[in-house]
Each structure stands twice: as structure tokens, then as C-alpha cells.
J.: 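Before we start, here is the structure in question, set down as C-alpha cells.
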Amino acid sequence: MTTDTLPARKRGVSLSALTDNSQIVLIGLLAVLCIGISLAAPQFYSPDNAIAILRQCALVLIVAVGMTMLLVAGEVDLSVGASLAFTGCVAMDVTNRTHSVVLGALAALAFSGAVGLFNGLVVTRLKINSLIATIATMMILQGGVYLYTREAVQNHHLLDAFTAIGAGYVGPVPIPVIIAAVIFAVGYVTLRFTLFGRYLYAVGANLRAARLSGLRAERLKLLAFVITGLLVGVAGLILASLMNAGQPTAGRGFELTVIAAVILGGTSLAGGRGTLFGTLLGVLVLKIVDNGIIILRWNQDLQMVVPGLVIILATWLDIVRRRNDAR
Amino acid sequence: MHAETLTRNEAIPLDVPALAMRGIGKRFPGVVALDGVDLTLMPGKVHALMGENGAGKSTLIKILAGVYGKDSGTIAIGGVETELKTPRDALKKGIKVVFQEIALISEFTVAENIFLEEYPRRADGSIAWKTIRAEAKALFDRIGFAVDPAARTGDLPVSQQQMVEIARALAHEAKIVVMDEPTSSLTPKEVELLFVVIRRLTALGIAVVYVSHKLDEVFEISDTVTVLRDGRHISTKPIGEHTHDSLIHDMIGRRIENLFPRSRTGSAGKVALSVEGLSTDTKLKDVSFEARAGEVLGFFGLMGAGRTELAKAIVGYDPIRTGRITIDGTALKPHDTRTAVSLGIGLLTEDRKLEGLMLELPVQQNMSLAALSSFAKAGFVDEGSERSAVQSFVDRFRVKTPSLFQPIKNLSGGNQQKVLLARWLMRGLKVIVVDEPTRGIDVGAKSEIFALIDRLAGEGLAVIMMTSEMPELLGLSDRIAVMAEGRLTATFSREEATQERILNAAIA
């Protein structure tokens, strides 16, 4: 603020663009968790356990990529858990009927993409608040899946390719982890470097300013809903493969885990702020807490309690840090 | 609070000032809002408070309401010196301010709103609903106001909500009632009703402060007039000693200001924007005008005249009912900012925070928003060329920021405004509409903004400037259009324009 012209191209900017200071808290938290758990239970550091954690992360991360885009644009989707279960049933059912993994996968994507489109249209055309709109969609899907199938859709096709989606490996790396990594990379580049990504931030940060600047805010939001829907399709396919069945009851509470991870990663519910790198850290923290509870043989019910506390703690630390920044 | 205690208000001693403010001073960062202002209110009298926008009326009222603390001076109520710490404190001490924005809970009934601060209770502590309704009714009768106390407040027209606010003052045994521009959204008939109520208040011994721009109303209702200008006390006189002209003279005064560098020499070019018969559902009535390339067309109007509504309609942000807007010969599709921007018209909004800034985002993102697509190749933003374009505007406009990555909320108002101006210039416009371009900006930055506006016109843009600041209107505009109640009432050339003429057209 002191000189008139200042050097704009400061080095070290690239690092801050990647991590955004807010994530320092999370990286610290992650380190504390890893050190703490491995001191108490050395098997935490085994390669097997690392792979297990990554596999756990994959499903959440895939959907969290879409959810981050939605939250950045100032919207939210609570129907992803219900849609995940329904999509798994559709994927298994269509594969059973057609004996084609490709058709099963396409059906899953078409279904979940349509759910995303529906959510997006309700929010952008009917102007219904996305929290309410997607709770309604969640209810419709939770009931609707029982109209579609009374019980779990079992695997009757016995196709190896289908099982491989969730349970297969490339070398030591599980296939879901590879899928999640690719989706994360594409999502990261999209949000960070494309016009679409930059516009999402603008729409979320100030809808009126974005509209006055000639942005088609409604269309951008609609697209974010559809992307989230499609990613739920990918996750639903993996889940059905992992469970070797389409479970109508799967995915309960999944939406909360996803949103918790995104918010833990520093994305603002108010829109306009957040990064996918933060989301990745958020997912890792939640899943390592999960894993630690199992490894330490703590009461399993703590798997809900501890993440709840972690979210409050991390968010509070972020507020404290930002308050200090402001001085 | 109960009906019988209300009568006690009539026993207010009439010779002791209800309120005496002495030497009130208040400064905000970079601005002296009030400098040694006096205000004395007598019981049972209507005291008009007048002055141009920015004269200090609102600040004075807010100090009275306990919203702002004063920096210096004393306040005495009924002869006893006191401090007004919070709005609640002011209310307890008998000061009720009816602000322009009605502060009622629209989902509650009228009666509930009246006793909002403290509901009458029954012996067991439960709320005495019947008493509330009965007492509300009694209050309404006192001021001659016929409305059902059980009605939902939000269903009432603004004029009646205002009456509810006034009834609230009585419920709190207020000795002083302040009305801030109370008639700005009332019909003439409703104004009559308001005046009847004001006379009833004064008959009860209540001192009324009447803040208004409208000279006729002030002459009709007030006993005394205090005029403020630039945060100073100019005059306090009985209304009988004023004429229209003497009052306007006191409000305007003489100014010596050379804030307005004028570098333009060329005359205006061809018509860049033409508006014909523009009406909206909300405000505008049959507005027609043209703006030429290279000129600054100033729009003046008092609060609620329709300037902001006009600005939002011609850039395609708000829907219109009838009319035709043409940019450089091409008709604009109404209510579509995307085509408006691509045709080359943009709006610098009045409310930077609400409609302009992305507060948490950096300077760079804020500046490049409208032009971002021009930096994109195959959907990817070329951040290198984006950054150098932003940097060049930061240099040209002398935006003071530690870096392009600084969140814009940390910049001063003047620098934020420069970034928002640059947002449009980077896009390349033919017509720019600026709405109150110097609101909330300190004097030094103001002159820089003025110089930029002057330069833009010099570079061939048509600049349409909405303003309620007389000096900036006269200093910058080539032509001046005046609005009142949604209509265009007069247009002056730079030579014809005088403050008196403009104000007369605005009050019409």
C-alpha cells in the first residue's frame, strides 16, 4: 500500500496458488494425525494400510470434485448419497440385462447425469434454493429406488470387467484410486485454469456482479450440477462393483461426508472461495481419522463423532488464522 | 406503556427544550461528517432538518438514534445531559427514529411489532396477547389510524407500516420522534394523512424532527428549519422567515472547488446510446434521451427519483415494460446483460459491495471479470496476458495495491472503484453508465475518479453519470438531465445549468 507501482510477479506465488494459506492448518492437522496414529499403532504405516486409505478416499473424492465446483458457485447438492445408491442399482440391473459393462456404465452415467440436470433445472429455472431442492430430490430418490427394486440387485452377469472397476488393481494401485486421481486432475485444471472454472468463482463470489459483467450465471450453475451428477454416476458404478450388488440402502450419509470434506478443505458455503487441493486434504483428513479409529480398535461409533469434532476444530482454526491475517 | 400512562406525555413542560445538541462533531476515516452542529428541539414543535446529500443530516440522525457515537459535543434531553449509547438506550430515553427503511418484522402482526421490545405479560409470565391487541388499538385511536392490530404487517402498504412505526414511538412514550424522508414513497393523499398524524403528535407535546428534501412539505408542516451543509450548521430560523429561494441558498451556499480537471476539447460525436419511451413496472415513466460519444451526460435527481432504476434498465439488468434502447444503432434486447455487454454498454454500480466487488477474490480476478473471455484460448485462460493487461491498468490508473493477488476487500474505496472502472475499460465499451461514482470515497481519490471519467469521455466513450452530488454534476457534465419521480423533467446544457434551476426541476 505504500508505493505506487509494485512488482506483480512475485515468486513464491505459484506455491500460494497451489496451497492457499488456509490449507496450512490442514496440512499440519494431517501431519499430527499421521504421527499420532503411527506412534500408537505402527501398522498404520504399512503399504497395505496406505492403499486401503486411498481406496477409502476414492469414492468420496470423486464426488467431492463436483461438490467443490457447486459450492464455489454458491450452490450445494444433498441428493448425491441417494443418487449414488440408485445409480448402483441401475448399473447392476442394466449390466444383468444386457451383459455389457459398457451399457451398464452408460446407463449409470445417464441416470445420475439426469438427476444432476433435474437438480440444476429446479434450482436455476424454478429459482428454488438448492438446499431445499436437493433435499427434495434426495427424498424422491430414496423412495423411488424402492419402486425400482425391493431388494438389492445381485450380480447375475458375473462379468470380470465389472468387478474390476471397484476391486481391480493396476500394479499395486486399486483402479478406483486411479479413476479418482484422473478426475481430480481434470477437475483441478478445470477449476484453476479454464474460463468455466474462473466464472464459477465469479458467480459464487458475487452473482449480481457476474450477471452485470455479462456472464450466463444460470447456465454455469446448471453445468456444475450436471458435472456433479455425472461424477456420482462414476462413484455409483464403483460402489456397485465393490459391493458386487446394487444396494438401495447404500450411500446413506454419503452426502454429509462429501460436504464435510469439501468444507474442511476450506471451501466456503457462501460461494466464491475454495480449491480442489483443499478438498483433497479434507478427504484425506476424514478418511485417516476413520482409519485410525479402526486401527486403534476404538469404538466404531466414534467414526461419526470424531469427524464432527474435527470439522469444528479445523473451521475454527481457519477463522482464527484469517482473523490474524486481517491485522 | 399502558394506555393511562400515555396521557402523561401531555404534561411535558413546554418551555424546556426536549433535546439540546451542542457542538456535535463526528469524523469518519478521511471525512469530517459533522463539525460543531447544534440542534434544539422544543416540545410540541416540528423542526425541519434540511441539506443536500452529504450535508450531515443522516449522521446527525444516527447519533440521535444511538447508532453512531459522537466524537465531541453534548446532548441534553429535557434539560438533563446524557449519552446515547445504543439504539435501545436512545429509545429508552424517549427518542424514536423512523428510518426510510421500515424496521418492522413483516411476518408479525401489527400489534406484536408495536410491543416488540417488551411484550406485556400476565402474572404467570406468559404473553398477554389480548392486552397487546387492545393497547395497540388504543394507540391507533390516539393518532387516528384505522388498521386492524391483528393484520400481518407485511401485508400493509408502506404508508401504513410507517404509521405502525409512529405508533411504536407512542408505545415507548417517546418525547422526540424523528422522521427521515418520510414521504419518499407516499402518494399525495398519504402525505396528507401523515401530516394529520404529525399534528396529533405535536398536540401530545412530542417534538418532531422532519428530515426532507421537499421544500413544499417543509413549508407546510414545520415550525423551525435547521440547514446543514458540508457537516456544518448553517442556519436555524422560524419557517416564516424563509422563502423558497433563501432556503435553497442556505442549502447550496457558495462553493469554491476545483476538483474537476477538464482535459476534453473536442465536441461530442455521433449518438452512441438512444433511449425512447422507456417505462418499467417499478419506477420509470416514459424516459427518452440520447447520449453522444465523447460526452458526459449527467443525471440528477433526489432520493427515489429513479436514477438507479434507469441505470439498471438501460444495461439490461432489470426488465422493462415498454421502450426501446439502441446502442450505436443496434437495438438492445431488454433484460439481458450478456448482449448488452457485447454491444458495449456496462454499469459501474452504486453499491460496490453488493453488486460490483468480489470481496474475497484478488484484484486481478476482480478487474478481468468482464474481459476474461478475451484472454481465453480454447476455454483456457491465458493468465500471462491477463496479468499483464491487469498490471497495465493498475499502472495507468495508479491503483494502490501491494500486489495483484491482494483480496480486493483490503483496498480503499477509491482504489476499489478504479479496479471496477478498469473492469469495463478492459472489456472495451462504447457507453459506460456510472451510478454515484464517488460514493464512500475520500476527497483525494474523488478527484482521481473525476479525472478518469473526464479522460474516458475524451477517449470517445459516452459517459452517463447518475449522481446526487451537485458539485460533481456541474463540474463534470456536458449536459444535465434532471429526474423526478421516474420522469425526465428537464435537460440543460452546461451553460444553462445552475444549481437553482436543477434543484427546481428535481423538486417539481
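In this text the structure is predicted, and so the values were computed from the model without any measurement. Just so it is clear, the values below take in all heavy atoms, side chains as well, and ignore hydrogens, waters and symmetry mates. Just so we're on the same page: letters track the sequence lines, and every chain starts at 1.
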J.: When only heavy atoms count and the cut-off is under 4.5 Å, which of residues 345-353 of chain B reach chain A?
T.: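 The stretch touches chain A at B:L347, B:T349, B:K353.
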
J.: Can you check whether anything in residues 109-135 of chain A gets within less than 4.5 Å of chain B, heavy-atom wise, and list it by number?
T.: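 Result: none.
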
J.: Looking at chain A, which one of B:E386, B:Q364, B:K312 has the largest number of heavy-atom pairs inside 4.5 Å, strictly under?
T.: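 Result: the option with the highest number of such pairs is B:E386.
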
J.: Below 4.5 Å, heavy-atom pairs only: which of B:G316, B:A371, B:G356 has the largest tally toward chain A?
T.: B:G356

J.: If I measure from the heavy atoms of chain A, does B:V381 come under 4.5 Å with its side chain, its backbone, both, or neither?
T.: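 Interface part for B:V381: both.
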
J.: Contact part of B:R423 toward chain A, heavy-atom cut-off under 4.5 Å: side chain, backbone, both or neither?
T.: side chain

J.: Do any of residues 326-337 of chain B have a heavy atom less than 4.5 Å from a heavy atom of chain A, and if so, which, in residue order?
T.: B:T337

J.: Side chain from CB out, backbone as N, CA, C, O: work out which of these in B:L361 comes under 4.5 Å of a heavy atom of chain A, or both, or neither.
T.: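 It is the side chain, since no backbone atom gets that close.
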
J.: Can you tell me which residue among A:T190, A:V189, A:L195 is in a side-chain contact (heavy atoms from CB on, under 4.5 Å) with B:F380?
T.: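 It is A:V189, the one option of A:T190, A:V189, A:L195 that forms the side-chain contact (heavy atoms from CB on, under 4.5 Å) with B:F380.
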
J.: B:E360 versus A:S268: any side-chain heavy-atom pair under 4.5 Å?
T.: no

J.: Contact part of B:L354 toward chain A, heavy-atom cut-off under 4.5 Å: side chain, backbone, both or neither?
T.: both

J.: Check each atom of B:T339 against the heavy atoms of chain A and say whether the ones under 4.5 Å are side chain, backbone, both or neither.
T.: neither

J.: Name the region of B:A340, side chain, backbone, both or neither, that has any atom closer than 4.5 Å to a heavy atom of chain A.
T.: neither

J.: Is B:Q365 close to chain A through its backbone or its side chain, or both, or neither, when contacts mean heavy atoms under 4.5 Å?
T.: both

J.: Please round to the nearest 0.5 Å and tell me the distance separating atom CZ of B:R338 and atom CZ of A:R219.
T.: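 Rounded to the nearest 0.5 Å, the CZ-CZ separation comes out at 7.5 Å.
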
J.: Is there any residue in residues 202-217 of chain A with a non-hydrogen atom under 4.5 Å from a non-hydrogen atom of chain B, and which ones are they?
T.: A:A202, A:A205, A:N206, A:R208, A:A209, A:A210, A:R211, A:L212, A:S213, A:G214, A:L215, A:R216

